[in-house]
Every structure is written in C-alpha cells, then in structure tokens.
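Here's the structure, in structure tokens; my notes come after.
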Protein chains: 2
Amino acid sequence: MLDVRRLRLLRELSHRGTIAAVAEALMFTPSAVSQQLSALEREAGVALLERTGRRVALTPAGIALVGHAEAVLERLEQAAAELASARADLSGTVRIGAFPTATRTILPAALAALAREHPALEPMVDEIDPAEVAPRLRAGDLDVALVHEYDFVPTEPDLALDSLPLLEEPMYLATRDSPHAALPAPDASRGAASPAAGGGADSEAGAGDAGAPARVALVGCRDEPWIVSTPGTLCHAMTVRACQAAGFAPRVRHHIDDFGTVLAMVAIGQGVALVPELGAADPPGGVRLTSLPMRRRTRIAFRRGAGTHPAVVALTTALRAGVAPSPHGLGPAPTSPPSPTSPPAPASIPAPAPSPRP
Amino acid sequence: MLDVRRLRLLRELSHRGTIAAVAEALMFTPSAVSQQLSALEREAGVALLERTGRRVALTPAGIALVGHAEAVLERLEQAAAELASARADLSGTVRIGAFPTATRTILPAALAALAREHPALEPMVDEIDPAEVAPRLRAGDLDVALVHEYDFVPTEPDLALDSLPLLEEPMYLATRDSPHAALPAPDASRGAASPAAGGGADSEAGAGDAGAPARVALVGCRDEPWIVSTPGTLCHAMTVRACQAAGFAPRVRHHIDDFGTVLAMVAIGQGVALVPELGAADPPGGVRLTSLPMRRRTRIAFRRGAGTHPAVVALTTALRAGVAPSPHGLGPAPTSPPSPTSPPAPASIPAPAPSPRP
DNA sequence: ATCGAGCATCAGATCAGCTTAACGTTTGGG
DNA sequence: CCCAAACGTTAAGCTGATCTGATGCTCGAT
C-alpha cells in the first residue's frame, strides 16, 4: 500500500519544485525528504522524479500520482472534519492566517464572537501575507486563512485548497489634499472626504472592466513618488500591476506595509498610494481619497475537504456575522455561488503583467 | 493527519467484528491491533469502539470513519493500478484465488495465455472457497479471485470489492443411471448423457424464478442420501438451500468437495448430488445428469479501484478469451452491464434461509 | 463454578525514519 | 574563467514508533 505521508511529500514537491523547499515547509531536513521520496519511488516501481542537474522534476507518472495524492488527502481532511463534528464540544486550537489589515479590522469582532460561542476553542492568529497562505495551509501550519485578491493580480488555482467569499471593497487612490497642492489634481477627482461616510457606493463602475477608468485616475500620478508595500507581498504586486496597466511604472520611494502609516506619509506629502477601504477607515487630515473602479475581494481559504470542519464553519459564521450588519459601505461579498468548486485561494504572485512598458 | 494504516485496521474490524480476527487476517498479534486502534481513537478525539464486555462494537463515528477509509483505500488502489500501468513491462506476481473446479477447468488455459502475453508476470494460484475470498482480497493476500454465486445463496455487497461477470453455467442433478435402478426416476428426467454435448441450451427456464421447476426435479430425491461439499463452503450452502427451497432437508451421507469424486460416488449408488456444468465435463458411466433451471454465475473479483490494474486487466482478458470461443455449451456470461458498480463480490455465507423446514 | 475466548496493558525488542555530517554536482555571478 | 552558493545524495548513528510476548481482567458458556 502506498504510504500517504510520502505522497504528501510528493504533492508538496509538485508545488514547490525543490526538495529543499519541501523540507523547509514540512519541518524536515532535505535528507529526510530525499530518502522518503526515494522510498516512494521504490515502492511505486516507476521513476517519479527526474534528476536534472541540481534540480528535480516530476515525471508524468509522478504528476499523475500527485493527482491521486490530492484526492486521498482531501478525503482524509473530510474524515477529520467529520470526526471533529462528532466531538461534543468544539475544542482545540484553530490556526488562523490573516493579512495585517484584516487582523485589525474584521478579525477582532469575529474572535470575540467565536470566544462567546465556543469558549473551548482556542484561536491562534498569524499575521501573514496572502502570497504565503497557500503553502502554509497545505503544510498544515494554518487551518483557515483570510486572503484577498486584487484586479490585475491573477490567482492561480490550487487543487488542494478551497475558499469562500467574505467581502468585497473598493480601492482608493490616496493623494495629498492641500489647497495649495503642488500635486497635479487627479482628473477623476470626485474624491469623498472619508470612505467611512460616503461608503463604497460612490464607486462608479462596480464590476466592469476596471482598466480604462482606473488608468484615467492613475495616470495623473505617474510622476509622483509612490508608497508601496514590501516587495513579494500581494499588495506590492497590486500597485505595480495597476500602474503598469495604466501605462507607467511607479517611481517607488517608500516600502510600507501598514496602510495607516502609508496614509500618514501621504498626508505629509511623501507620495501617493493605493489603499483598500479597510485600510482607510480613519484617514488623517490632508489626505484625499479618490474612489477607483478597482475592487479587492477577501475570501476565507482552507484545505479542500475541511469546509465542513466545525471550527472552520464556526469561524466563517463569525466572520460573516461581523461583516454583514456593519454600517460600513463595504458590503458582504455578493452571495456568489458558494460552490465548493469556486475559485480557489491565491497561491503566489505569478506571471509578469501583460501590459507594455513605455 | 489520520493514519491510513490504522484506518485499514478499522475497516477490517468493521467486517470481521473482533480484534482477534483482524489481527489474524493482517498477520499481527491482537495486541498490536488493539494498540493501533487505541492510537486511532486518540488522534480522532472521539470514541470509535465501544468496549462491551469481551467484545468491541463500532460507534456511529467509527462507522462513518470506515466509509472514509473505504474511499481512501480505493483511491490508493487506483493510484497503484495507474503506477503499474506506467511500468514498462508487466512484471511481479499476481496472486489469484480460485475455487477448485475453476482451477482445473478454466484457469489453465488462461494461465498459459497469460504466460505467453506477459512472460515476466508470475501468477500464484490459491485454491480457495469463494466464501473466504472477500476477506483475503481485502487483506491483500490475493489480488484477483474467481468466485461464483448460486441462486438461493444471496451474496452480500462489499464496498471494498468489485467484480466482473465471467461466465454462467447450468446446474445438474446427478443421479444413478442404471436400468434396474432402485432409485425413483426423477420426474423431469430429460437428462442429457453429457452436458458437454447437449450444452446448457436445454435448460428450460433460463432466467425466470428457479424455485418451482427446481423443486419438481429435486423432490423426487428427497429421500435419497446426498453428497454435499464440506460445511462452510458456498457449494455446501447451495445444495442445502436448494433442497430447503424444494421443501425438504437433505439427508447428508458424504462430504466431498471434488465434483469428479462426487460423480464417481453417484455412479456407484452412494447418493445424489447437485453439480455445476464445469464439474460434470466428463461424467463417468452410470450417472444421469438432469438439467435444472438453476444457474451458477462465475465472476472475477478484485479490490475496488484495482479494476484498471494491468495485471487484473491481463488476467481478465485471458480468462474471457479462454471462455468465449469454447465449444462448450456454457457461454460467456451475458455481456451484462460491466459497470464498475455492478453487484459486488460475495462475502460469506449469510442469513438463514427463509424457507420453512418440515 | 470453572473454563475459554476476547481485549487491555505493560515491559522489552525491533525497525523505520529522522538528523548530522560529508560529498559531488550544477549554476549564476564576479 | 573561477568561485561560491544551492541542491541533492549518501553513510552513520540515534530516537521513537510499533510489534511481540506475558499478564490480568471480564464475560459467556459448559
């Protein structure tokens, strides 16, 4: 009988590409992974890995086997979920991954509700960029994660993961708002003073192609210094891609992840930035927020098969309850098909942007 | 992650009922099985076994988990089958279980063809009663098995196994055929001299209810001594049930498994017997064979998921080729729906017969 | 009441699998 | 062109999981 633990190593290898990465992800030494994969090949009787130089690649048989591994692991996840449902009290720990903004805005209320409903359930939160979520969910480091996806930043599907929509929010262009501004006024300057008041309702082109109108708003800032997130994060990719789509490459001055800090920097004229509504809940004075027709969609991701796990259900319920009745303009995500085959969670930042660079 | 080896123990327990039986089947000591199941319960966090006196029973959670175990093991079986397909040469050993008659009649030709087509494949044959096939397939002792099922002997479905039809043959009542017979002549005495000549085509009621006509033929022998197979075998159950359905309990004189020997005993007047056509290919003189409207269906059984394993496919092909062009009256099984969800293989001799006893 | 079947537990032995350490190879950069 | 970092493999040693064997208990049958 094929060893499922070894199949799991193979699956990780198919995602990460190198044995060293698999080892790091699953907390082993590369030696152990190498030995176990060799053993797997031995019991399979077929070559699964092709040693090419200092790198390994999966053979067709290896790729096929990964498919079976995914199926088996999914079923085991389902079994674990059913067992957890059978347990009388919902106890143990849930490891939650969340991007920084979510940790501050939507998570606290959800955790409070969770503690009220299930006192024995101990949530553990990890602040983590969505780009790292997929590997850590697969590896079992995390059980649930809040991720977001932006227009312009495609998400590649992951067979091992599943996700449900949570909310959708508009994006804003943050510029300095001073009467004697040296900044060129953005053309589409209908900017609301605070999105918390006006809400997301004033974003004109709700769902259509976000390219053209966004370009109009952005090109006015093509010569401004930009404040973006740390390279490697999804938010960094988002800003760069949006600018590329508008036809220019942003001149980056600062790398700052926290949107509160970003807005403070904008207020003192250190640059412009793109911020999502949740990151601009309480903007400092002197910042003009221009609603863009780009949106950010936040989803709840988990391992495929774990969607019925009571802890996941409880957290999902708590998160939705915390989002739905909110007076904020950001509505809950349109109750889109909550099918289990809905677009999976994002993995990592892929492929270069298709737009040309001047 | 749930340990699949332990899940396999749980599945076996659900079939066999006692830890001791599981241990014997999987070549462990009861101690090891007990420890592993305890460990499984610990990692499940729920009670899976209910210790009731000196016996264990599965809890609802345990039963549910068995369902997942079946699914996981089936998928692993599929994976193994696909890997074997990817292997260039079909080599290794196939362990085949077959009932004695099949071992002598249909298996040799198939093994010869198999050796011709796949010289590197080494078949190992175990002569075994169909009643024991299911456990041994599940345990991995066997890879493929020839089993048969009789009218009157219901087969209980087994989620872990799958099967394909191979052939169908009529049953005969064997009685002494002497001019000055002290035996009462069977009413439906149209007996062909040799079934190999007349074939199964002269059995009147092909598929209909076999009860009534069979009763007519059998009741004439209600006072004869009977020769039946060893208790515990499927063939034993078949004769007893058929007689019960005809309204009497057979007076058993001999327990003999080999149908050739049975017919020899019939020829010298030691009793009467029910024999399938394959068991009566070359009957000795002095035996009258009366065709009955009962049929025996032979199937090829294997673990669910292994249906695409090249070794299984090769053996199935060889068996079918050996049966189809045969000049014998016994046709190949009517090409009934070869769906993978066709009636699974027989397990063991179940439930008492519904017919009353005088 | 006694016996045997079945299961749990404990101590000891065995073996699979992990880590450390050392080595060969490849590849990208200076 | 050369070097250093990255990657994978192998050998040796160790640890923990798991199996065996012995013991004790409970229950049902003779």
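Numbered from 1 within each chain, the chains take letters A, B, ... in sequence-line order.
Applying the side-chain hydrogen bond (donor to acceptor under 3.5 Å, both in side chains) criterion to B/Arg16, with sequence neighbours excluded, gives B/Glu12. Legend: residues meeting side-chain hydrogen bond (donor to acceptor under 3.5 Å, both in side chains) with A/Arg6, ordered by chain and number and at least two apart, are A/Gln36, A/Glu43. For A/Pro310, the side-chain contact (heavy atoms from CB on, under 4.5 Å) partners two or more places apart in sequence, or in a different chain, are A/Ala84, A/Ser85, A/Leu90. Here B/Glu74 pairs with nothing under the salt bridge (Lys or Arg N to Asp or Glu O under 4.0 Å) rule; sequence neighbours left out. For the side-chain contact (heavy atoms from CB on, under 4.5 Å) test, residues two or more places apart in sequence or in another chain that qualify with A/Arg5 are A/Asp3, A/Phe28, B/Met1. Every residue meeting the side-chain contact (heavy atoms from CB on, under 4.5 Å) condition with A/Met124, not counting sequence neighbours, appears here in chain and number order: A/Thr93, A/Arg95. Listed by chain and residue number, nothing satisfies the salt bridge (Lys or Arg N to Asp or Glu O under 4.0 Å) test with A/Arg251 (two or more places apart in sequence, or in another chain). Judged as a side-chain hydrogen bond (donor to acceptor under 3.5 Å, both in side chains), and not counting sequence neighbours, A/His255 has no contacts.
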Identify all side-chain donor-acceptor contacts of residues 61-68 of chain A below 3.5 Å with residues at least two apart in sequence or on another chain.
residue: A/His68; atom: ND1; partner: B/Arg75; partner atom: NE; Å: 3.0
residue: A/His68; atom: NE2; partner: B/Glu82; partner atom: OE1; Å: 2.7

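Salt bridge present: B/Asp158 and B/Arg138 bring a charged side-chain N and a carboxylate O closer than 4.0 Å. Salt bridge present: A/Arg51 and A/Glu41 bring a charged side-chain N and a carboxylate O closer than 4.0 Å.
The nearest whole Å value for the distance from the CZ atom in B/Arg51 to the C1' atom in C/dA5 is 17 Å. At whole-Å resolution of the value, CG in A/Leu26 and C1' in C/dG17 are 15 Å apart. B/Leu40 places its CG atom 16 Å from the P atom of C/dC7, with the value rounded to the nearest Å. D/dT9 atom C1' lies 17 Å from atom CD of A/Glu50, rounded to whole Å. Atom CZ of A/Arg42 and atom C1' of C/dG17 are 12 Å apart (whole Å).
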Close N or O pairs between protein and nucleotides 18-21 of chain D (under 3.5 Å):
residue: D/dT18; atom: OP2; partner: B/Arg6; partner atom: NH2; Å: 2.6
residue: D/dC19; atom: OP1; partner: B/Arg5; partner atom: NH2; Å: 3.0
residue: D/dC19; atom: OP2; partner: B/Gln36; partner atom: NE2; Å: 3.2
residue: D/dT20; atom: OP2; partner: B/Thr29; partner atom: N; Å: 3.0
residue: D/dT20; atom: OP2; partner: B/Thr29; partner atom: OG1; Å: 2.9
residue: D/dT20; atom: O4; partner: B/Gln35; partner atom: NE2; Å: 2.9
residue: D/dG21; atom: O6; partner: B/Ser31; partner atom: OG; Å: 2.8

I need a per-nucleotide contact map over nucleotides 24-30 of chain C, read 5' to 3'. Cutoff is protein heavy atoms under 4.0 Å; write B for the base, S for backbone only, - otherwise.
--BB---

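Listed in residue order, the members of residues 9-24 of chain B having a heavy atom less than 4.0 Å from DNA chain C are B/Thr18, B/Ile19, B/Ala20.
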